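Everything numeric in this text was worked out from a predicted model, so none of it was measured.
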Amino acid sequence: TEAAVAGTISIYDAAAQAVQVMGRSDLYLVLNTQVNGVDVYLATFASGDIMYIGKDGQVLSASKLEPLSIYQPTSHSGK
């Protein structure tokens, strides 16, 4: 288990902060990850919005993932 460190927020606090800052209620997943060797939380919303939150509670980055479009041409056999 993780030892509680002064000034370190929990994953639940990070989730609550992400919802509050983004003004969205479709939070999908919050997980621990690393950015440039620093431990952070990554909050992902069903809408595609993502947010990185430092263990100190500071919002490091927020962005929107663009939806992926797949083009599938219609085949015409010409027969």
Would Q17 and I53 count as a side-chain contact (heavy atoms from CB on, under 4.5 Å) if you check the C-alpha gap in whole Å, the side-chain angles of each, and the deciding distance to 0.1 Å? CA-CA 9 Å; Q17 183 172 1; I53 303 168; 4.0 Å; yes
Show the nearest heavy-atom pair for residues Y41 and I11, with the distance to one decimal. OH-N, 3.4 Å
Over all heavy atoms of both residues, which pair between Q34 and D39 is shortest? Give the atoms and the distance, please. NE2-OD1, 2.9 Å
What verdict does the side-chain contact (heavy atoms from CB on, under 4.5 Å) test give for V59 and Y52, after you've listed the backbone C-alpha separation in whole Å, the side-chain angles of each residue and the deciding distance to 0.1 Å? CA-CA 6 Å; V59 174; Y52 289 96; over 6 Å; no
With a 4.5 Å heavy-atom cut-off, do I50 and L42 have their side chains touching? yes
If you take all heavy atoms of A43 and L27, which pair is closest and at what distance? CB-CD1, 4.0 Å
Student check: side-chain heavy atoms of V19 and R24 closer than 4.5 Å: no
Check the surroundings of atom CD in Q20: do more than 12 heavy atoms from other residues, nucleotides or ligands lie under 6.0 Å from it? no
On a heavy-atom basis, the closest approach of M51 and A18 is SD-CA, 3.7 Å
Please list, chain by chain and in numerical order, all residues satisfying side chain to side chain contact (heavy atoms under 4.5 Å, CB included) with V38, sequence neighbours excluded. V40
List in chain and number order the residues that pass side chain to side chain contact (heavy atoms under 4.5 Å, CB included) with A46, two or more places apart in sequence or in another chain; answer none if no residue qualifies. D26
